[in-house]
Number of protein chains: 2
Amino acid sequence: MAEEIPARLGIDAVVVGVCDERPQVLTFATDGRPRLPSGAFAPALDRTLELAARRVLSDQAGLREGYLEQLYTFGDRHRDPREVAGGPRFVSVGYLALTGIDDVNCAALGGAWHDWYRFFPWEDARGSRPEILDRIIVPLLRRWTAAARDDAGRAFRARVAFGLDGAPWNNEAVLERYECLYELSTTSGGADAIATLGEAMDLDHRRILATAIGRLRGKIKYRPVVFELIGEAFTLSELQSTVEALAGMELHAPNFRRLVAESGIVERTGAQRRTSGRPAETYRFRPDVLAERPDPGIGIR
Amino acid sequence: MAEEIPARLGIDAVVVGVCDERPQVLTFATDGRPRLPSGAFAPALDRTLELAARRVLSDQAGLREGYLEQLYTFGDRHRDPREVAGGPRFVSVGYLALTGIDDVNCAALGGAWHDWYRFFPWEDARGSRPEILDRIIVPLLRRWTAAARDDAGRAFRARVAFGLDGAPWNNEAVLERYECLYELSTTSGGADAIATLGEAMDLDHRRILATAIGRLRGKIKYRPVVFELIGEAFTLSELQSTVEALAGMELHAPNFRRLVAESGIVERTGAQRRTSGRPAETYRFRPDVLAERPDPGIGIR
DNA sequence: GTAATAGTGTCTTTCAGACAGTATGAC
DNA sequence: GTCATACTGTCTGAAAGACACTATTAC
């Protein structure tokens with residue numbers, strides 16, 4: 001075998017916060033294209049991969065603690081243009097970090113928060129999804145599936161991913177939808193859909209973000225991760241709108257209250273908060289729930 | 001910064017099959033210690049990480065297709081003794097492969113199937129768990145938590161992981177339990193529990209296996225992955241015992257039947273199979289279920 | 001008073017667990 | 001017939017969705 005050039009290992013981090021009912025992702029700009037915080041893995045410095053991710057977050061976002069979880073490792077050929085130009089393979093371990101939006105020293109370091117639906121406008125059922133889906137995406141999918149010889153495979157994927165023909169919409173299938181649109185864009189008649197339907201990101205960072213959104217939407221249902229994104233004390237309305245922002249869908253308020261309150265995942269603080277209407281009770285996360293239920297999350301379907 | 005030695009990237013694969021109501025994992029032997037199939041990532045050869053994993057599986061197990069899923073990437077310092085001896089950092093991307101036990105050309109290549117509970121005897125509620133847990137593990141955990149200054153943290157972890165003091169047993173928390181026992185073993189009085197409580201594996205492969213078991217136990221509930229492990233036609237009893245083997249617990253047969261049959265995840269083949277009692281109807285997986293339900297799995301709690 | 005938000009009670013349907021009992025084969 | 005396994009029906013309680021309703025603030 002020829003002499004092997006070793007792969008280069010790096011870290012990409014998806015840092016998520018929620019502000020004003022909008023989920024935000026932390027980005028920097030490369031030639032005007034948003035990219036995720038990232039850096040090289042340094043074996044001499046980093047005892048573990050997670051510590052490497054923490055170092056990157058600390059250096060680039062001033063973020064020193066908080067929830068951090070390994071997402072997925074990305075290593076496709078040519079995912080980094082430096083490889084196309086004769087460089088080595090760049091493999092990246094993706095991490096998901098959750099934080100309060102104020103815990104990040106953002107502007108000082110050249111970073112910016114962006115509503116994540118800017119990159120995936122079809123993922124927000126509260127906003128523009130219906131029109132985008134019906135007017136643009138569904139017709140494109142129909143043409144794409146009709147054009148294929150392996151018709152059944154494409155059609156089935158599109159149907160499951162986008163809930164066509166009566167199939168249910170699964171809000172966790174963010175990556176599957178992105179990949180349908182991505183492939184569709186590479187075919188004739190695809191009209192470069194993926195580029196016009198939402199904002200692009202540097203390298204494969206949009207794919208990494210799609211992976212993160214899907215993971216977070218799943219995890220919220222069986223792990224108490226929402227609480228990493230809101231303050232220590234919160235009203236049930238705040239909790240609800242945070243969940244709605246992440247899930248990209250609206251929830252029925254009375255049922256949400258009941259589900260959350262009865263699940264034991266929160267407890268009253270005793271304090272109230274002023275609103276423009278009746279003042280709201282505030283709540284806090286109740287860690288003991290972890291010992292009481294095997295899958296303590298927020299019940300959304 | 002000193003000149004950086006780049007990390008070396010590899011693949012470790014957990015290949016799972018089920019035979020005779022026992023979940024099996026494919027291993028090879030290094031100095032008598034079982035290890036997982038593994039190999040170096042070769043950028044020149046492998047267009048993607050998944051294809052690298054498939055190459056490893058093909059070379060080492062003669063396994064050319066089937067279900068394959070990325071698990072987790074392991075990169076802790078000193079996870080490979082070659083690093084301790086001055087070598088570079090060895091980072092490994094773990095993969096989970098599911099297969100019928102006959103699809104692997106096992107003996108010819110020096111591999112062997114092992115019941116995975118051999119490495120985690122406390123994970124099987126159908127077998128020896130109750131005694132091991134009550135007589136050995138729980139007393140060790142009590143001493144371990146009592147000895148800690150940050151009592152609350154350790155005690156809480158042990159309580160949640162092992163279902164102490166009325167907390168529920170979560171059969172997905174395989175890694176959390178393994179890590180409790182691992183840490184416990186490094187403290188005085190730990191009696192090297194992790195080494196005596198189950199068989200050791202090479203490197204950190206036991207941790208990788210724990211990760212795989214936990215992932216599979218979770219996934220079975222919302223994705224039709226069991227069907228990768230059994231033949232195309234199967235009786236409901238076979239399906240049940242396969243699920244029980246993976247989950248490490250017994251299920252109530254009449255309810256299991258009803259749940260599975262009504263969920264639309266299977267359909268009758270029309271053929272029957274002889275048993276030692278009344279002949280059983282055989283069923284097959286029904287792929288259309290993917291388009292009907294967002295989370296088509298086997299309903300177990 | 002009205003508007004706005006917070007919060008409660010109840011009805012209905014669905015679903016999961018428990019259990020009793022029947023069906024069909026081998027011997 | 002007995003034994004073993006396969007399979008069905010029904011009861012019960014828990015949980016989830018829909019909806020009508022009340023409470024407390026600002027103005």
Side-chain angles (χ1 to χ4, degrees), chain A residues 20-21 125 168-169 171 220-222 230 233-244 247 249-284 289 292-301, chain B residues 20-21 125 168-169 171 220-222 230 233-244 247 249-284 289 292-301:
Chain A
D20 292 340
E21 317 195 357
W169 181 275
N171 77 342
I220 209 174
K221 292 168 190 157
Y222 64 93
I230 54 182
F234 46 84
T235 68
L236 292 185
S237 300
E238 280 169 3
L239 183 63
Q240 183 182 342
S241 74
T242 304
V243 172
E244 288 177 332
M249 57 195 271
E250 272 165 11
L251 302 170
H252 187 68
N255 290 342
F256 180 84
R257 306 187 73 78
R258 184 166 40 85
L259 274 167
V260 169
E262 288 177 9
S263 71
I265 205 171
V266 297
E267 63 190 358
R268 299 179 112 104
T269 64
Q272 291 194 333
R273 180 164 305 174
R274 288 188 43 175
T275 69
S276 58
R278 168 176 170 176
E281 291 290 324
T282 62
Y283 291 77
R284 72 169 75 88
V289 79
E292 293 163 7
R293 296 176 40 196
D295 55 348
I298 299 290
I300 55 174
R301 284 284 87 79
Chain B
D20 293 338
E21 319 198 353
W169 179 275
N171 77 340
I220 208 173
K221 292 169 190 156
Y222 64 92
I230 54 181
F234 46 85
T235 67
L236 292 185
S237 301
E238 279 170 4
L239 183 62
Q240 182 181 343
S241 74
T242 304
V243 172
E244 288 176 331
M249 57 195 268
E250 271 165 12
L251 301 170
H252 188 68
N255 291 341
F256 180 85
R257 306 187 74 78
R258 183 167 39 87
L259 276 167
V260 169
E262 288 176 9
S263 71
I265 203 170
V266 298
E267 63 191 359
R268 300 180 111 104
T269 63
Q272 290 193 333
R273 179 162 308 173
R274 287 187 45 174
T275 69
S276 58
R278 170 178 170 177
E281 291 289 324
T282 62
Y283 291 77
R284 72 169 77 89
V289 78
E292 293 163 7
R293 296 177 40 195
D295 56 350
I298 300 291
I300 54 172
R301 283 286 83 78

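Only heavy atoms go into these numbers, but all of them, side chains included; no hydrogens, no water, no symmetry mates. In this text, all values refer to a predicted model and were calculated from it rather than measured experimentally. Each chain gets a letter, A, B and so on, in the order its sequence line appears, and its residues count up from 1.
Each of A/Ala280 and A/Asn255 lies near DNA chain C, and the nucleotide nearest A/Ala280 is the one positioned closer to the 5' end. For the pair A/Ser276 and A/His252, both in contact range of DNA chain D, the more 5′-proximal nearest nucleotide belongs to A/His252.
For the pair A/Leu236 CG and D/dT24 P, the interatomic distance rounds to 17 Å; values are reported in whole Å. Rounding to whole angstrom units, CZ of residue A/Phe256 and P of D/dA16 are separated by 13 Å. Taking atom CZ on A/Arg274 and atom P on C/dA4, their separation rounds to 17 Å, with Å as the unit. Distance B/Arg293 CZ to C/dT14 P: 15 Å, rounded to the nearest Å. In this structure, B/Leu239 places its CG atom 12 Å from P of D/dC7, rounding to the nearest Å. What separates CG of A/Leu259 from P of D/dA14 is a distance of 16 Å, to the nearest Å. Between B/Arg273 atom CZ and D/dC7 atom P the separation is 11 Å, expressed in whole Å. If you measure from atom CD of B/Glu281 to atom P of C/dT24, you get 11 Å, rounded to the nearest angstrom.
When all heavy atoms of B/Ala280 and B/Thr235 are compared, the closest pair comes out as CB-CG2, 3.6 Å. Taking every heavy atom of both residues into account, B/Glu238 and B/Arg273 meet most closely at OE2-NH1, 2.7 Å.
Between B/Arg257 and D/dC7 there is a side-chain polar atom (N or O) within less than 4.0 angstrom of OP1 or OP2. A sub-4.0 Å separation between OP1 or OP2 of D/dA6 and a side-chain N or O of B/Ser237 is present.
No contact: B/Glu262 has no heavy atom under 4.0 Å from any strand.
Nearest to the side chain of A/Arg278, among D/dA6, C/dG25, C/dA6, sits C/dA6.
You won't find any donor-acceptor pair under 3.5 Å spanning the side chain of A/Arg258 and the base of C/dG9, going by distance alone.
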Under 3.5 Å, side-chain donor or acceptor atoms of residues 251-262 of chain B against the rest of the protein: list the pairs with distances, not counting sequence neighbours.
unit_1   : atom_1 : unit_2   : atom_2 : d
B/Asn255 : OD1    : B/Arg258 : NH2    : 3.0

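Applying the ring pair (Phe, Tyr, Trp, His ring centres under 6.0 Å) criterion to A/Phe234, with sequence neighbours excluded, gives A/Phe227.
B/Thr282 contributes a side-chain N or O that, together with a main-chain N or O of B/Ala271, makes up a donor-acceptor pair within less than 3.5 Å.
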